[in-house]
Number of protein chains: 2
Amino acid sequence: MARWDPGTEERLRKAALELFTERGYDQVTVTHIAERAGITRRTYFRYFPDKREVLFAHSDELAPAVAEAVRSAAPGTGDMAAVLNALATVGTYLTEHAKDPAQRQAVIRSSPELEERERTKLAALTDALQSALTSRGTANAQARAVAQLASLVFANAFTQWIELGGATGFRDCLRNATNTLREALATD
Amino acid sequence: MARWDPGTEERLRKAALELFTERGYDQVTVTHIAERAGITRRTYFRYFPDKREVLFAHSDELAPAVAEAVRSAAPGTGDMAAVLNALATVGTYLTEHAKDPAQRQAVIRSSPELEERERTKLAALTDALQSALTSRGTANAQARAVAQLASLVFANAFTQWIELGGATGFRDCLRNATNTLREALATD
DNA sequence: CAAAGTGATGTCTCACTGTGCCATCACCCA
DNA sequence: TGGGTGATGGCACAGTGAGACATCACTTTG
């Protein structure tokens, strides 16, 4: 808990999103973000390890949460079903609590560096899912494949959810994304 | 063509791979690489845009080559078949000409920054494949899905090929990777 | 209520990345 | 022999990220 001004991290996220939108990611320095948030550059780096991470602060919590949901799935459930169910639960919560998801997505899409970081977060989800499946007893190769496919489905579902303006339920987006991949792999 | 010493780019790649292996990516500076290659830091940046790219110089040519192979596939061929065939052709050439693929892979796996860049190259392959499929008449969503799955297959096949010591043919690795994904998606 | 402790912040410094600008040097050609 | 061309070196600069230390607010303990 911050003692001087409890909202520092939130102010930094807000300032960064604003500045990135106004001037573009490349034209913004960490000093700019810190100044708008009312702190110094050095303090910024005590909240976020680098310039990109200010846009991905909460992303780190997704992978462990989904992995935990997979681990606690009913023992008889199939791998893919367990993973998709976990993604639906956590993803629904995520979509209901996300702040300015469309604006955030637009900023990320405008910068290769930020897209690179986003892919890293998705890879972390894949690794966490694989690990969770392995601890459920699934063989390594199969666990990795399921985790990769599920991560793909999740990313596509999230993109679709944003494109639809957040009106649709996340579960429906997940179903759509899953079906699209099924068709693609079935057409040999 | 370089006039002073034609092998500069190759010397830089070799020096970088050696240094990254010896000291680890984080402990190596661009100055170190340049000095071992017999040039200055400034000249390094005339060959590669940043510190990471020295390990990914040829990767840029993969995506266009595969895309071209997809575009020139027989009109009646199914999307997935056309893409997998293109990946087999280009991938086989790649595996037969790669230098120190195992050492390179080991270095990349040892550094999150390098893994990040590798995922970017894979994403470029996905985009190129999607574009090629779209120009063949495939619908957007389907083209993206096929491209994503094929990229996944390619990456897994390449990893397996390295793990097997380069002894197996790349086509077999592609088949294995495809089957693994099929099983994963089929188990509902 | 005073003194010590704790945690967040500011200040200063430094190595390194990546780039712009200009000088230099070797080689080719007229 | 002199000029053009292309690769390289040298220099300066903004920006990133981190270490070390001081400072200040607030809490805890006597």
Side-chain angles (χ1 to χ4, degrees), chain A residues 1-20 22-57 60 107-108 110-118 120-121, chain B residues 1-20 22-57 60 107-108 110-118 120-121:
Chain A
M1 301 298 172
R3 226 168 281 189
W4 282 251
D5 197 340
T8 304
E9 185 179 324
E10 178 54 30
R11 284 205 317 279
L12 281 171
R13 276 203 295 268
K14 184 167 177 288
L17 190 57
E18 288 174 3
L19 285 168
F20 291 162
E22 292 169 13
R23 311 186 199 175
Y25 176 79
D26 291 335
Q27 303 307 314
V28 176
T29 71
V30 173
T31 305
H32 295 150
I33 302 172
E35 281 176 352
R36 182 167 294 198
I39 57 167
T40 59
R41 202 179 76 93
R42 188 65 187 86
T43 299
Y44 170 94
F45 285 107
R46 295 199 173 97
Y47 283 88
F48 307 103
D50 57 47
K51 181 180 167 188
R52 311 175 190 178
E53 201 64 14
V54 67
L55 280 180
F56 298 93
D60 281 338
V107 169
I108 294 174
S110 74
S111 160
E113 280 189 50
L114 294 173
E115 288 191 296
E116 213 166 44
R117 180 57 56 87
E118 192 181 43
T120 295
K121 300 301 181 180
Chain B
M1 302 300 169
R3 224 167 284 188
W4 280 250
D5 197 340
T8 304
E9 186 178 324
E10 178 55 31
R11 283 206 317 280
L12 282 171
R13 276 203 293 267
K14 185 168 176 289
L17 190 57
E18 289 173 3
L19 285 168
F20 291 162
E22 293 169 11
R23 311 187 200 175
Y25 177 80
D26 291 335
Q27 302 307 313
V28 175
T29 72
V30 174
T31 305
H32 295 151
I33 302 173
E35 280 176 352
R36 181 168 293 200
I39 56 168
T40 59
R41 201 178 75 93
R42 188 66 187 86
T43 300
Y44 170 93
F45 286 107
R46 293 198 175 96
Y47 283 88
F48 306 103
D50 57 47
K51 181 180 168 188
R52 311 176 191 178
E53 201 64 14
V54 68
L55 280 180
F56 298 93
D60 281 337
V107 169
I108 293 173
S110 75
S111 158
E113 278 188 51
L114 293 174
E115 289 192 295
E116 211 166 45
R117 179 57 56 88
E118 191 181 46
T120 296
K121 301 299 182 180

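Computed from a prediction, not measured in an experiment: that's the story for all the values here. The figures here come from the full heavy-atom set of this structure, side chains too, leaving out hydrogens, waters and symmetry mates. Each chain gets a letter, A, B and so on, in the order its sequence line appears, and its residues count up from 1.
- In this model, a side-chain donor or acceptor of Arg41(A) finds a partner on the base of dG17(D) within 3.5 Å.
- A salt bridge links Arg13(B) with Glu10(B); the closest basic N to acidic carboxylate O contact falls under 4.0 Å.
- Phosphate contact (OP1/OP2 of dT9(C), side-chain N/O of Thr8(A), threshold under 4.0 Å): present.
- Contact annotation: Thr40(A) does not reach the phosphate of dT9(C) (side-chain N/O to OP1 or OP2, under 4.0 Å).
- Both Arg42(B) and Thr29(B) lie near DNA chain C, and the one whose nearest nucleotide falls closer to the 5' end is Thr29(B).
- Side-chain atoms of Arg117(B) and Leu55(B), non-hydrogen and from C-beta on, never get closer than 4.5 Å to each other.
- In this structure, Gln27(A) places its CD atom 14 Å from C1' of dT19(C), rounding to the nearest Å.
- Side-chain atoms of Arg46(A) and base atoms of dG10(C) include a donor and an acceptor less than 3.5 Å apart.
- The 12-atom threshold is not exceeded at CD of Gln27(A), counting heavy atoms of other residues, nucleotides or ligands nearer than 6.0 Å.
- In this structure, Lys51(B) places its NZ atom 18 Å from P of dT16(D), rounding to the nearest Å.
- Judged by distance alone, the side chain of Tyr44(B) and the main-chain N or O of Glu35(B) form no donor-acceptor pair under 3.5 Å.
- Of the residues in residues 110-117 of chain B, none has a non-hydrogen atom less than 4.0 angstrom from any atom of DNA chain D.
- With respect to Glu18(B) and Lys14(B), a salt bridge is recorded, a charged nitrogen being found less than 4.0 Å from a carboxylate O.
- Straight-line distance from the CZ atom of Arg52(A) to the P atom of dG15(D): 18 Å, rounded to whole Å.
- The nearest pair of heavy atoms linking Phe56(B) to Leu114(B) is CZ-O, 3.5 Å.
- Closest-nucleotide positions on DNA chain D for Ile39(B) and Thr31(A) were compared, and the one nearer the 5' end corresponds to Ile39(B).
- A straight line from CZ of Phe48(B) to C1' of dT17(C) spans 16 Å, rounded to a whole angstrom.
- Here the P atom of nucleotide dT17(C) and the CG atom of Asp26(B) are 11 Å apart, to the nearest Å.
- Atom P of nucleotide dG10(D) and atom OH of Tyr44(B) are separated by 19 Å, given to the nearest angstrom.
- Salt bridge annotation for Arg52(B)-Glu118(B): absent, with no cationic side-chain nitrogen under 4.0 angstrom from a carboxylate oxygen.
- Under 4.0 angstrom from either OP1 or OP2 of dT8(D) there lies at least one side-chain N or O belonging to Tyr47(B).
- One atom, CG of Asp50(B), and another, P of dT17(C), lie 11 Å apart when rounded to the nearest Å.
- Spacing between atom CZ of Phe45(A) and atom P of dC12(C) amounts to 18 Å, rounded to whole angstrom units.
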